[in-house]
Protein chains: 2
Amino acid sequence: MPEDTIAVLSQSPVFQGLPESQLRTLARIADPITYHPGDLIFSEGEDAAGFFFVVSGQVKISKISFEGKEQVLHFVGPGEIFAEVPVYSGGTYPANAEALRESRMFFFPRQAIRRLLASDPNLAMNMLADLSRRLRQLTRLVENLSLKESPARLAAYLLHASEELIRDDQVELDVTKGQLATLLGTTPETLSRTLKKMSETGQIQVQGRTIKLLDKPGLEQMAAG
Amino acid sequence: MPEDTIAVLSQSPVFQGLPESQLRTLARIADPITYHPGDLIFSEGEDAAGFFFVVSGQVKISKISFEGKEQVLHFVGPGEIFAEVPVYSGGTYPANAEALRESRMFFFPRQAIRRLLASDPNLAMNMLADLSRRLRQLTRLVENLSLKESPARLAAYLLHASEELIRDDQVELDVTKGQLATLLGTTPETLSRTLKKMSETGQIQVQGRTIKLLDKPGLEQMAAG
DNA sequence: CGGGTACTTGACAATGGTCAAGTGTGGTGG
DNA sequence: CCACCACACTTGACCATTGTCAAGTACCCG
């Protein structure tokens with residue numbers, strides 16, 4: 001089992017390139033937990049005891065307003081970590097996390113990780129890379145929310161959807177359209193209408209959660225908007 | 001001069017707590033540059049050679065859309081750094097930077113910093129803290145843009161404006177109202193109207209760039225929106 | 001087959017952006 | 001010292017995008 005754990009961890013970008021000894025230490029402090037669909041993992045403002053590494057499943061990170069409106073910040077999948085921010089500053093979770101499916105993960109206590117960081121510059125560099133990647137992604141989210149209107153956001157999403165979702169100019173959504181709407185900062189209704197319009201103009205073709213991209217140049221054009 | 005440089009650097013959160021020797025090294029690789037109001041420091045997408053430390057002045061970090069609409073991500077002041085992200089991942093600037101005033105700063109070349117990081121866990125921890133602070137701030141920006149409407153954003157800004165701006169329930173803006181509008185994801189027109197409305201309802205009192213907060217509970221109420 | 005959830009569609013209202021035309025106001029040069 | 005210019009800001013009228021409410025349809029799972 002620990003051997004297994006090491007293998008899983010070393011696969012991930014955050015832990016790759018680390019010496020065997022560090023991986024062993026990580027595996028020792030990793031605390032396995034499983035969540036079920038709909039489970040709330042933590043809420044914004046709670047004291048953060050550490051961060052999570054997703055082995056399998058899917059997690060939604062989001063903000064929720066006073067009136068109940070929700071904005072998804074990102075979805076987390078296998079090999080990725082989340083809730084790293086409070087490890088380094090603050091100490092409280094900046095958002096909510098909810099399991100969308102049966103999700104196995106490892107929990108890493110804050111203090112243990114900080115000790116490891118102090119002793120291994122490689123891990124620190126990996127963490128810096130991880131945080132800055134997330135920063136880029138959030139920056140793009142801000143850009144989309146503020147500078148683009150709904151159709152442009154959708155076009156941008158379809159074109160730059162994470163590589164795993166795209167095959168042969170065809171996007172296979174890994175979340176419901178309702179969830180996607182919340183990530184795009186809009187509502188299911190508006191998303192539905194936008195998809196319809198883009199279908200009518202022949203830019204895409206929708207079939208359930210599968211979306212064929214028929215006119216990439218046209219979509220690029222929209223996404224710029 | 002180098003003694004001076006060391007003093008300036010050690011004041012800043014990012015470099016505080018570092019051993020004398022590291023500070024000396026930093027001071028040695030620091031390349032002083034001065035920008036004038038309106039100067040473009042770099043544009044989104046450009047290759048990034050390093051990051052900047054602001055000694056004095058003020059810098060605007062923003063995204064600009066195809067049509068020319070602008071969204072300010074944040075303003076950078078003395079003691080703060082910017083453009084750290086490309087040091088750790090990517091290698092291109094994720095946004096634009098423009099000097100709003102006469103600004104003196106130090107430029108730190110990417111490679112030199114990475115070497116330093118590998119040798120000093122303290123610096124790495126400071127950088128991690130810096131990035132995670134920025135992540136929190138961006139998360140809040142997303143929340144404001146997506147979950148709140150214009151008046152709520154303004155109220156939230158007034159209440160949580162950085163400490164230096166507030167004195168005796170009175171906010172002294174350090175940017176023009178036009179710039180503030182762009183930070184709040186709106187237009188000067190809308191901001192002007194919102195300020196007027198809040199004045200009429202007796203929640204604030206505006207006089208040039210000075211805004212008195214007359215009804216904090218009321219503002220808290222709005223900001224929750 | 002039944003029930004819940006996801007999704008679609010329609011009608012309506014409203015927030016806020018745009019365009020256009022003012023009204024300051026501070027700084028510069030005559 | 002005053003006139004003037006540029007720029008920040010204000011105000012008004014209009015309109016587009018999009019959120020909301022409501023109702024209906026499709027689809028999946030037991």
Side-chain angles (χ1 to χ4, degrees), chain A residues 36-38 60 64-72 98 100-102 144-156 172-200 204-211 222 225, chain B residues 36-38 58 60 64-72 98 100-102 144-157 172-200 204-211 222 225:
Chain A
H36 305 289
K60 175 181 73 180
I64 298 187
S65 81
F66 186 71
E67 292 102 342
K69 266 207 313 191
E70 183 180 24
Q71 171 67 51
V72 169
E98 176 190 332
L100 293 179
R101 333 178 164 188
E102 186 84 5
N144 288 336
L145 290 176
S146 162
L147 267 26
K148 297 175 181 171
E149 38 204 35
S150 175
R153 283 179 234 165
L154 176 57
E172 181 72 33
L173 299 181
D174 61 344
V175 292
T176 70
K177 287 178 189 165
Q179 298 287 4
L180 175 59
T182 310
L183 176 65
L184 296 180
T186 182
T187 59
E189 291 96 324
T190 304
L191 177 59
S192 181
R193 288 185 240 271
T194 308
L195 282 169
K196 190 184 182 187
K197 194 162 293 179
M198 289 172 73
S199 296
E200 287 169 353
I204 62 174
Q205 187 177 328
V206 184
Q207 216 168 96
R209 285 196 188 174
T210 305
I211 301 175
M222 296 198 65
Chain B
H36 305 289
Q58 192 179 38
K60 174 180 74 180
I64 298 186
S65 80
F66 187 70
E67 291 102 342
K69 267 208 310 191
E70 183 180 24
Q71 170 67 50
V72 170
E98 177 191 330
L100 293 180
R101 331 178 165 187
E102 187 85 5
N144 288 336
L145 289 176
S146 161
L147 267 27
K148 297 175 181 169
E149 41 204 34
S150 175
R153 281 178 234 166
L154 175 57
Y157 177 84
E172 180 70 32
L173 298 181
D174 62 343
V175 293
T176 69
K177 287 177 189 165
Q179 298 287 3
L180 175 58
T182 311
L183 176 64
L184 296 180
T186 181
T187 60
E189 291 97 323
T190 302
L191 176 60
S192 181
R193 288 185 242 270
T194 309
L195 283 170
K196 190 184 182 187
K197 195 163 292 178
M198 288 172 75
S199 296
E200 287 169 354
I204 62 174
Q205 186 177 330
V206 184
Q207 215 170 95
R209 285 194 187 173
T210 305
I211 301 176
M222 295 197 67

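Letters A, B, ... are given to chains in the order of the sequence lines, protein chains preceding strands, and every chain is numbered from 1.
Residue side chain B:Arg209 does not reach the base of C:dT25 through any donor-acceptor N/O pair under 3.5 Å, judged by distance alone.
In this structure, the CD atom of B:Glu189 is 12 Å from the P atom of D:dT11, given to the nearest Å. As rounded to whole Å, 15 Å separates atom P of D:dT18 from atom CG of B:Leu145. One can place CD1 of B:Ile211 at 11 Å from P of D:dC9, the figure rounded to the nearest angstrom. Taking atom CG of residue A:Leu184 and atom C1' of nucleotide D:dT18, one finds them 14 Å apart after rounding to whole Å. If you measure from atom NZ of B:Lys197 to atom P of D:dG12, you get 12 Å, rounded to the nearest angstrom. Look at NZ on A:Lys177: it is 11 Å from C1' on D:dA26, rounded to the nearest Å. Put simply, CE on A:Met198 is 14 Å from P on C:dT8, counting in whole angstrom units. When rounded to the nearest whole Å, the span between NZ of B:Lys196 and P of C:dG16 equals 17 Å.
Phosphate contact (OP1/OP2 of C:dG17, side-chain N/O of B:Thr186, threshold under 4.0 Å): present. An OP1 or OP2 oxygen of C:dT15 is reached within less than 4.0 angstrom by no side-chain nitrogen or oxygen of B:Ser150. Contact between the side-chain N/O atoms of A:Thr190 and the OP1/OP2 oxygens of D:dG19 is found at a separation under 4.0 Å.
Taking CE of B:Met222 as the reference point, atom CG of B:Leu154 lies at 7.5 Å (rounded to 0.5 Å). From A:Gln71, atom CD reaches atom CG of A:Leu183 across 7.0 Å, with rounding to the nearest 0.5 Å.
Within the 4.5 Å cutoff, the side chain of B:Val72 has no heavy atoms near those of the B:Val175 side chain.
Among the nucleotides D:dT20, D:dA8, D:dT11, the one closest to any side-chain atom of B:Ser192 is D:dT11. Each of D:dT18, D:dT10, C:dT8 was ranked by its minimum atom distance to the side chain of A:Pro151; first place goes to D:dT18. Distances from the side chain of B:Arg193 to the nucleotides D:dT18, C:dG16, D:dA13 place D:dA13 closest. The side chain of A:Thr187 approaches D:dG19 more closely than any other nucleotide in the set C:dT8, C:dG16, D:dG19.
Without hydrogens or angle criteria, A:Ser192 side chain to A:Pro188 main chain gives no donor-acceptor distance under 3.5 Å.
Using a 4.0 Å heavy-atom distance criterion, A:Gly185 is classed as a sugar-phosphate-only contact.
The nearest pair of heavy atoms linking A:Lys177 to A:Leu195 is CD-CD1, 4.1 Å.
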